Structure formats: structure tokens, C-alpha cells
Amino acid sequence: MSNQETPVVDVNEQITLRKQKLADKRKQGIAFPNDFRRDSLAEEIATEYGDKEKSELEELGKKVKVAGRIMLFRNMGKASFITIQDMSGRIQSYVRKDAVGDEVYEDFKTWDIGDIVGIEGTVFKTNKGELSVKASSIRLLTKSLRPLPDKWSGLSDQETRYRQRYVDLIVNQQSRETFIIRSRVVKAIRDFLESRDFLEVETPMMHVIPGGASARPFETHHNALDMPLYLRIAPELYLKRLVVGGLEKVFEINRNFRNEGLSTRHNPEFTMLEFYWAYADYNDLMDLTEAMLRYTVETVLGKTVFESGGETYNFGKPFERMTVLEAIMKYQPEITLEQLTDMDKAREVAKRLKLKLEDSWGLGRVQIEIFEEVAEHKLIQPTFITAYPAEVSPLARRNDEDPFITDRFEFFAGGRELANGFSELNDAEDQAQRFKEQVEAKDAGDDEAMHYDADYIRALEYGLPPTAGEGIGIDRLVMLLTDSLSIRDVLLFPHMRPE
RNA sequence: GGGUUGCUAGCUCAGUCGGUAGAGCAUCUGACUUUUAAUCAGGUGGUCACAGGUUCGAUUCCUGUGCAACCCA
């Protein structure tokens, strides 16, 4: 294949010319050499020599080998300046005809912005003081056949940025930074949990029974076994099986798949951290979550107070904690506790808020609908909301004093739910009963209700120690830390309809 | 699912009250051995998203489709 012409669909004059240049290069020998080895990155050179005086550098005569993509090309006759970009940043190179030789220089003048080059030369400073590499030799390593976007305005078309992320990453520094931050967030969380003796595990992505959350799954098919399989909607039930098995502190950072609509907050596949902690409850979890998020924000951004979406966030001070009902009354003071705890009155409140209620919903579900309508989007600063009704928490442990609610919380910041955690239900008989209720709901037409997972019940029957577990949406956390309005901005390759 | 907006050169954008289009960057030719979005002179480049309709004539007006962004449910 390497000697084949690349088929190009949308050919234009510039592409045709570049293909001709590549064809000439093929005739001269190896068009795609892979024997150049660099010894320096742009940023390393800047860090090491940026502060030195012009004369100091001349004395030093530091020789470097750099490589990267040509981003700017300023030809001034018998000498040129090019700016190349590598994984660390950009550096300028000064290419003189008398330094690289007539033949190379004439060839070099035909190279294009976007081409990938290797340069050997000396670190120096120009008269204007810009740190540069004075080329003693320069080679074309990869011919680029497609012109890059405008060197000044870059690529701003959202669709192209998502569909051709490679181009976005070449020209938009901010996009590169977003994904560097994303990587640092995951690393910070991993370091934090490992330092507290959590074990990282990998559990199946393909489930026979999709469980651990309420959502519609993607379905696939195993040919050899001739059976349906589901892409997981959550790893929860497998991680808790591991706690039964004695892995008392486990976590997994991986993809979940939910067969739902697309929006600025939803992608069919998204990344979740889930972790389980034996001999702990939801209060311990909130403390741990607070410490982990504070550590993550501080490690990644270097500070605990930051701006995002026009708001100032403070992850340094203690996170607020309140119950679902307290949150409703805080943000809608005319609603009383009495109205929220009486089924008929709560339904009246919901009706006034123009919420659409199903007849089958109990008081707990109605309360949550009201909460989501009046409070959720107002929870800007980091806040834990507790005391979720059992009706909407099929996997959470009931509260000892009030069996109507569970020992559960959700964590909010920026008006978005970022985490969900609770003391786990470890009563096998109670869990079996709740699965049955879910199956009844499914039979009644709720296609987000859960299946009955008999093996999970069997695992619980061996005994799940008292345990707390939590899931944190990594994409939404990264959105907050990178000031991104859409989940697509924090996914390298977001789901798009076919072109 | 409903609504609004957008789709014009490789990129970023103008524009045509209906007479088939412009700018900057990129590209091409020429000048230039310390430039900084280099500069200067001169060129090339477009099924105006797609398909219909109205019209003497549609990129422009109308309808539909596709993709995208935003808002609502």
C-alpha cells in the first residue's frame, strides 16, 4: 500500500499541487523516512535556554535535534524563518541557504505549512530576542497533502472540530489543553484512590443482564453463543460482587453506554469513576469525595478557586450539605414541608410547576421531580444533597430512622449532577424484593426499569459487608474544570451522525 | 419530539431589495540573508449544503431533505 496514491475525495488545487510534490519526492527515494531521532522538545529548549542572553547562547553553541509540523513559513529569499510545533509547543527555526546547502534550500522552499520536518541546529536568539534553532540541516519527514486552516483564526466550525479532531488539535491550543487537563484529572483521581489503598479493577463491558442503573442499554449479539449481550450501563453490580469476594476497596474508571438522546450533557458513551468501600457509609463517602475533589482541583489547576461558565467556584471551603426537601424549600420558600410530605399536596405542587406525573409514581418520585425542577440548576457551588427517597434508589440502603428515605447523596456543582453515592443495600432478601418491583415496573412499560439479576442476589447471599459506593461522571467534572459548555468539547471523538 | 438559527473559496467571513459572487489568510509567480499573523507587486481558485417549486432568470424568494449549533419538552 505504501507506494499507492492516496485516494482523496474532495480534491482542490492546493491538494493536487501537494500530491504532485509528493510524487516528485517518491521519485527521489524514500518519501516517508523514519530514521530521524529528535533529542529536544520545543518547551524543553525554552525552559532551559529561554532566559539566556544572545551572546551566552552563541558561546554555548548548544546543538539540538527537533522535529514537528511547520505552522508558519516566512521565506525571505536566501533565508527563511519557520515555526514548528511539537507535542510540547512551538519553536522557531532559522534556515539559511548557505547553512543547509543550495540543493536542500531550493527543495525546502517548495515545502508547505503542515509538512513535518526534522531539524538539526544550534540554539540561538535572533536580533529581536526570539529563541530559535539555527538549522545546519533540515529534512522533510512527512508530506502533508491537505492545507491547514487559517493560521490566525484557526478552526472555529464546531462540526469540523468534532468530526476532524486531528485538525482541531493541530490548530487549537485550547482544545489540546482541555484534553491534557482531562488526562490530569483521571491521574489525580487514580493517585488519590490508590494512595488510600483502593484497588483498580476492570469488570465486563458486555453484560448478559444490564444492571446497576436505570437506563436503556445498547444491544449486541454474541455469534458463537448465539445470545444477546448488552453494553454495560454501569459496573456497579460487578464491583459489589468483588467486595463480596473480599476486595474491600475497589474502583474502576471506564466507559458506560446508555442508549439515550444526545445533548450538551449526554453522549451515548461516557466515562464514570465507580468505587466501593467496605465498612464505610455514605457520610464517609461524602468526606472522601470532598477530599478527592479538592485534591483533584488543586492538583490539576494549581488552585481551589476557579472560574467556569461565568461563575466562581470554591472547592477549598467545606461543601454544603442539605437534604432533598431542604433544598426544595431553600430555593422555593413558598413550598412547605407539609406540602412535600403529603401525596395529594405534593402532586398539587408538581401540577403548579407544570410537571407531568405518572399515576403510578409514589410520593418519593414526585418529590424528586419537584427537586429537579426548582433546585437542581441552582446548585452552583459544590453541594451534597442527601436523603433520597427509597422509591428512586433501588440499590441504596434504607435509612435506619426513616425507611422512606435511603442513606444516599448526590453531588452537584454548576447546576449539574456530578456524583451519586450511597450506603449499599446488602440485605439479599430486600434486594430480591426490590428487583421484583423493578421487573413489575418493566412489565408495566417502564423500559428503564431494571432486570432481575439472580447471580447478584446469590452473591449478596454470601454476604456483602456493610459498604458504601459511588459513581462520579468524569466528563462532567472535566467540563467544569475546563470551562466547557458541551460534553463534546471534552470527548476526543464525540458521537456524531454520519456525514 | 417541538422551535430558532446557520451551511458561500482549503480556513475565517462579507454580499447579492432575484440578473450565477467578494475580502483576509492559505496557494501560485516574482523581489527580499534576523522575520514575528514578515513585507511588497501580480495571478489562480466557487455546482453559493442537497433536491424540488415560483420566475424570462434562483446562490438570493418558497417548500422539503441532510448536517450542525442553541432553546424548550
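Residue numbers start from 1 in every chain, and the chains themselves are labelled A, B, ... in the order their sequence lines are given, proteins ahead of strands. Since we're looking at a predicted model, the values are computed, not measured.
- Minimum atom distance to the side chain of Gln14(A) is reached by G10(B), of the listed U34(B), C70(B), G10(B).
- Checking the phosphate oxygens (OP1, OP2) of U35(B), a side-chain nitrogen or oxygen of Lys128(A) falls inside 4.0 Å.
- Side-chain nitrogen and oxygen atoms of Ser132(A) include none within less than 4.0 Å of the OP1 or OP2 phosphate oxygen of U36(B).
- Of the candidates C28(B), A37(B), U36(B), A37(B) carries the atom nearest the Lys151(A) side chain, counting heavy atoms from C-beta on.
- Aromatic ring centres of Phe371(A) and Tyr331(A) lie farther apart than the 6.0 Å criterion allows.
- Contact annotation for Ser153(A): backbone-only contact, meaning every heavy-atom pair under 4.0 Å involves sugar-phosphate atoms and none involves a base.
- Between Phe108(A) and Tyr105(A), the ring planes lie tilted relative to each other; the angle falls in the 30° to 60° range.
- In the set A68(B), U12(B), U34(B), the nucleotide with an atom closest to the side chain of Phe81(A) is U34(B).
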Return the polar atom pairs (N/O with N/O) between nucleotides 43-51 of chain B and the protein under 3.5 Å, or none.
residue	atom	partner	partner atom	Å
U44(B)	O2	Glu13(A)	OE1	3.0

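- Per the geometry, CZ belonging to Phe124(A) stands 7 Å off C1' belonging to U34(B), to the nearest Å.
- Nearest to the side-chain atoms of Asn127(A) among the listed nucleotides G10(B), U34(B), U35(B) stands U34(B).
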Which atom pairs link the protein and nucleotides 21-23 of chain B when you take only N or O atoms and keep those under 3.5 Å?
none

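- At the heavy-atom level, Lys125(A) lies nowhere under 4.0 Å from the strands shown.
- Using a 4.0 Å heavy-atom distance criterion, Arg488(A) is classed as a sugar-phosphate-only contact.
- When heavy atoms are screened at a 4.0 angstrom cut-off, Asp98(A) is found touching base atoms of the nucleic acid.
- Here U35(B) is the nucleotide among A26(B), U35(B), C28(B) with the atom lying nearest to any side-chain atom of Met76(A).
- No more than 12 heavy atoms of other residues, nucleotides or ligands shown are found within 6.0 angstrom of CD on Glu43(A).
- Classification of the Tyr313(A)-Phe315(A) ring pair by plane angle, with boundaries at 30° and 60°, yields tilted.
- Between Lys109(A) and the phosphate of U29(B), there is no side-chain N or O to OP1/OP2 separation shorter than 4.0 Å.
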Check the pair Arg176(A), Ile170(A) against side chain to side chain contact (heavy atoms under 4.5 Å, CB included), reporting the backbone distance first and the verdict last.
CA-CA 8 Å; Arg176(A) 245 173 291 140; Ile170(A) 291 170; over 6 Å; no

If you apply the rule ring-ring contact (aromatic ring centres under 6.0 Å, His included), what do you find for Phe493(A) with Tyr162(A), and how did you get there?
CA-CA 6 Å; Phe493(A) 299 101; Tyr162(A) 297 146; over 10 Å; no

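- Residues Ser144(A) and Asp115(A) bring no donor and acceptor atom of their side chains to less than 3.5 Å of each other.
- Nucleotides G19(B) and C25(B) have their C1' atoms positioned 31 Å apart, rounded to a whole Å.
- Comparing atom distances between the Gln92(A) side chain and each of U36(B), C28(B), C67(B) picks out U36(B) as nearest.
- No N or O donor and acceptor, one from the side chain of Asp150(A) and one from the base of G10(B), sit under 3.5 Å apart.
- In the set U33(B), G10(B), A68(B), U33(B) carries the atom at the smallest distance from any side-chain atom of Ala79(A).
- Nucleic acid contact for Leu148(A): none, since no nucleic acid atom lies under 4.0 Å from a heavy atom of the residue.
- Contact annotation: side chain of Ser156(A) to base of U12(B), donor-acceptor pair absent below 3.5 Å.
- The stretch residues 408-421 of chain A participates, sequence neighbours left out, in these side chain to side chain donor-acceptor pair (under 3.5 Å) pairs: Tyr388(A)-Glu410(A), Ser393(A)-Arg408(A), Arg408(A)-Glu410(A), Arg408(A)-Asn420(A).
- Taking the P atom of each, U4(B) and G46(B) are spaced 35 Å apart, rounded to whole Å.
- With salt bridges taken as basic N to acidic carboxylate O contacts below 4.0 Å, one links Asp475(A) and Arg182(A).
- The base of U33(B) does not come close enough to the side chain of Ser80(A) for any donor and acceptor atom to sit less than 3.5 Å apart.
- Of the residues listed (Ile385(A), Leu418(A), Thr383(A)), the one engaging Phe411(A) in a side chain to side chain contact (heavy atoms under 4.5 Å, CB included) is Leu418(A), and it is the only one.
- Atom C1' of U59(B) sits at a distance of 12 Å from the matching atom of C7(B), rounded to the whole Å.
- In the interface, the side chain of Gln158(A) is not paired with the base of A69(B) through any donor and acceptor atom under 3.5 Å apart.
- Between the side chains of Asp150(A) and Ser153(A), at least one donor N or O lies within less than 3.5 Å of an accepting N or O.
- Contact annotation for Arg90(A): no contact, since no heavy-atom pair falls under 4.0 Å across all strands.
- Using a 4.0 Å heavy-atom distance criterion, Thr264(A) is classed as a sugar-phosphate-only contact.
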Can you give the dot-bracket line for RNA chain B, where a pair is Watson-Crick or G-U wobble with both atom distances under 3.5 Å, crossing pairs use [ ], and | marks a partner on another strand?
(((((((..((((.....[..)))).(((((.......))))).....(((((..]....)))))))))))).

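- The side chain of Arg74(A) places no N or O atom within less than 4.0 Å of a non-bridging phosphate oxygen (OP1 or OP2) of U35(B).
- For Leu155(A), counting side-chain heavy atoms from C-beta on, the closest listed nucleotide (A38(B), A68(B), U12(B)) is U12(B).
- The aromatic ring centroids of Phe257(A) and Phe270(A) lie 6.0 Å or more from each other.
- Atom pair Leu72(A):CG and U27(B):P shows a separation of 11 Å (rounding to whole Å applied).
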Without placing hydrogens or testing angles, list every side-chain donor-acceptor pair under 3.5 Å for residues 128-135 of chain A, not counting sequence neighbours.
residue	atom	partner	partner atom	Å
Ser132(A)	OG	Gln92(A)	NE2	3.0
Ser132(A)	OG	Glu130(A)	O	3.0

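- Between Glu159(A) atom CD and C70(B) atom C1' the separation is 15 Å, expressed in whole Å.
- Between the P atom of G1(B) and the CG atom of Leu262(A) lies a distance of 11 Å, rounded to the nearest Å.
- A distance of about 10 Å separates the P atoms of U8(B) and C13(B), rounded to the whole Å.
- Between Tyr94(A) atom OH and A38(B) atom C1' the separation is 13 Å, expressed in whole Å.
- Contacts of Lys356(A) with the nucleic acid, taken as non-hydrogen atoms under 4.0 Å apart, involve only primed sugar atoms and P, OP1 or OP2.
- For the residue pair Gln20(A)/Asp24(A), the side-chain donor-acceptor check at 3.5 Å is satisfied.
- Applying the ring pair (Phe, Tyr, Trp, His ring centres under 6.0 Å) test to Phe81(A) and every residue at least two apart in sequence or in another chain returns Tyr94(A).
- In this entry the distance linking CZ of Arg161(A) with P of C11(B) reads 15 Å, nearest Å.
- Gly261(A) comes within 4.0 angstrom of no nucleic acid atom, judged by non-hydrogen atoms across all strands.
- Nucleic acid contact class of Arg497(A) (heavy atoms, under 4.0 Å, all strands): sugar-phosphate only.
- Separating the CG atom of Asn267(A) from the P atom of A68(B) is a distance of 12 Å, rounded to the nearest angstrom.
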